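Since this is a predicted model, take the numbers as computed values, not measurements.
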Amino acid sequence: MHEPGEALSQYERAARDAVRGLSVPEADAAYRAELRTAFVAGTFAERATRVVHLRWWERESTRWAGAALAAAAALLAVVTLNRGPEWRLTALHGDGVAVIDGRPVPLAHTEELARWLRPGARVEMPPASDLEMVSDGVAAIQLSPGTAFTLPEPPGRWFWRRVHAEVESGEIRVATGRAFHGATLAIRTHEADLMVTGTTFAVICEPEGTCVCVLEGTVRVGAIGQGMEPVTAGTRRYVFADGRTPERADMRDVERGKLAEFRAARRADLEGGPR
């Protein structure tokens, strides 16, 4: 059950739209008139049991309505089964108050914090705290102190495999798992667009621009509205806020160590598959 004003996931929206799209069978006008007459005459109770003989076109309408309802139920089942594993909180360091969709959430209230870490949520971390979350078998994400980040939907199992996230400030580290294969994560910062298809990397937002360091795999990176180029393992690309030509170099040494540590800590979650 969703609370008032709570955003639905793309899967829940699809199920809602399918049900809303069903046609509403029209009541038979003659039968309604009979019921009205019986009610006025006081003989309604005598008509509690009645065998209704539908005309052929009414039987066909009923059959089509039943088929549409069955199709909607099947679609709802497929949409539900397609959902990727939910994000779950796996590590938390420090204290303070996070802000999730404008709502202050003390980090000490871990159950409440975990409840609000849902797809589409905008998370603002306090200055001296970080957290990690995982979608089992799919991806792990680490939010560094002071990060403002919009959490993506976990990719679907068979379709809706392209998902989106946004980093407004701070730094995130991401490692993808075996179930991410074939999916795409699009990330946007103030200056850059990223396209991720399976890797371990960091996105660092600084006043001068966006730095993307890649430990494993490849991430395509480019200034917004311009062409993307592959950033391979062991390298970085810096997209400048002032529009200068992006810079390519070796990845930052500090990120090499932190990304390797992060990947190792979440390896079992990423390789074990959905729970």
Side-chain angles (χ1 to χ4, degrees), residues 7-18 74-90 117-121 123 132-143 149-167 172-189 192-203 210 212-222 224 226-237 239 251 255 259-260 262-275:
L8 299 179
S9 71
Q10 59 180 328
Y11 310 113
E12 293 163 333
R13 289 196 300 271
R16 177 201 61 191
D17 294 342
L75 176 60
L76 178 59
V78 171
V79 167
T80 301
L81 291 173
N82 181 66
R83 294 186 65 173
E86 298 284 348
W87 292 109
R88 63 182 180 87
L89 185 64
T90 54
L117 290 175
R118 60 195 180 206
V123 183
E132 296 176 15
M133 67 194 89
V134 67
S135 171
D136 289 298
V138 179
I141 300 176
Q142 182 184 80
L143 304 187
F149 174 69
T150 301
L151 190 61
E153 188 95 38
R157 299 176 191 270
W158 308 294
F159 51 91
W160 289 326
R161 300 277 284 156
R162 176 167 176 159
V163 295
H164 306 267
E166 184 175 352
V167 187
I172 67 168
R173 298 185 180 95
V174 180
T176 59
R178 64 176 183 82
F180 189 86
H181 180 71
T184 302
L185 169 61
I187 299 177
R188 172 161 286 190
T189 71
D193 279 326
L194 290 73
M195 198 65 66
V196 181
T197 55
T199 179
T200 302
F201 66 98
V203 181
T210 298
V212 179
C213 289
V214 179
L215 179 70
E216 299 174 333
T218 302
V219 178
R220 297 186 62 82
V221 180
I224 294 175
Q226 299 183 21
M228 294 185 179
E229 293 188 10
V231 183
T232 55
T235 65
R236 65 178 170 89
R237 194 172 199 217
V239 179
M251 69 179 296
E255 288 304 323
L259 282 168
F262 172 56
R263 177 86 196 191
R266 300 272 71 88
R267 188 173 301 278
D269 297 318
L270 296 173
E271 295 180 354
R275 296 188 175 187

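The two residues Arg161 and Pro155 make their nearest non-hydrogen contact at NH1-CB, 3.8 Å. The minimum heavy-atom distance linking Leu143 with Phe149 is given by the pair CD2-CD2, 3.5 Å. Among all heavy-atom pairs drawn from Cys213 and Arg236, the shortest one is SG-CB, 3.8 Å. Of all the heavy atoms in Pro154 and Pro85, the pair that sits closest is CG-O, 3.2 Å. Minimum interatomic distance between Met251 and Val214 (heavy atoms only, all atoms of both residues): SD-O, 3.4 Å. The two residues Val138 and Ala179 make their nearest non-hydrogen contact at CG2-CB, 4.0 Å.
A donor-acceptor pair under 3.5 Å is absent between the side-chain atoms of Arg237 and the main chain of Val231, judged by distance alone. Side chain of Arg263 to backbone of Thr176: a donor-acceptor contact under 3.5 angstrom is found. The backbone N or O of Thr232 lies less than 3.5 Å from no partner atom in the side chain of Thr218, so there is not a single donor-acceptor pair.
Using a 4.0 Å cut-off between charged side-chain N and carboxylate O, Glu132 and Arg173 make no salt bridge.
A 4.5 Å side-chain heavy-atom check between Phe180 and Leu185 finds at least one atom pair inside the cut-off. Inter-residue side-chain proximity for Leu194 and Val212 is flagged as met; some heavy-atom pair is nearer than 4.5 Å. Counting heavy atoms from C-beta outward, Val174 and Val203 have side chains that stay 4.5 Å or more apart. Considering only heavy atoms from C-beta on, Arg220 comes within 4.5 Å of Pro230 through its side chain. The closest side-chain heavy-atom distance from Arg118 to Leu151 is not below 4.5 Å. For the pair Met133 and Glu86, the minimum side-chain heavy-atom distance is 4.5 Å or more.
The CD atom of Glu255 lies 10.0 Å from the CG atom of Leu215; values are rounded to the nearest 0.5 Å. With rounding to the nearest 0.5 Å, the separation of CG in Asp193 from CD in Gln226 is 10.5 Å. Atom-to-atom distance recorded for Leu117:CG and Ile141:CD1 is 10.0 Å, nearest 0.5 angstrom.
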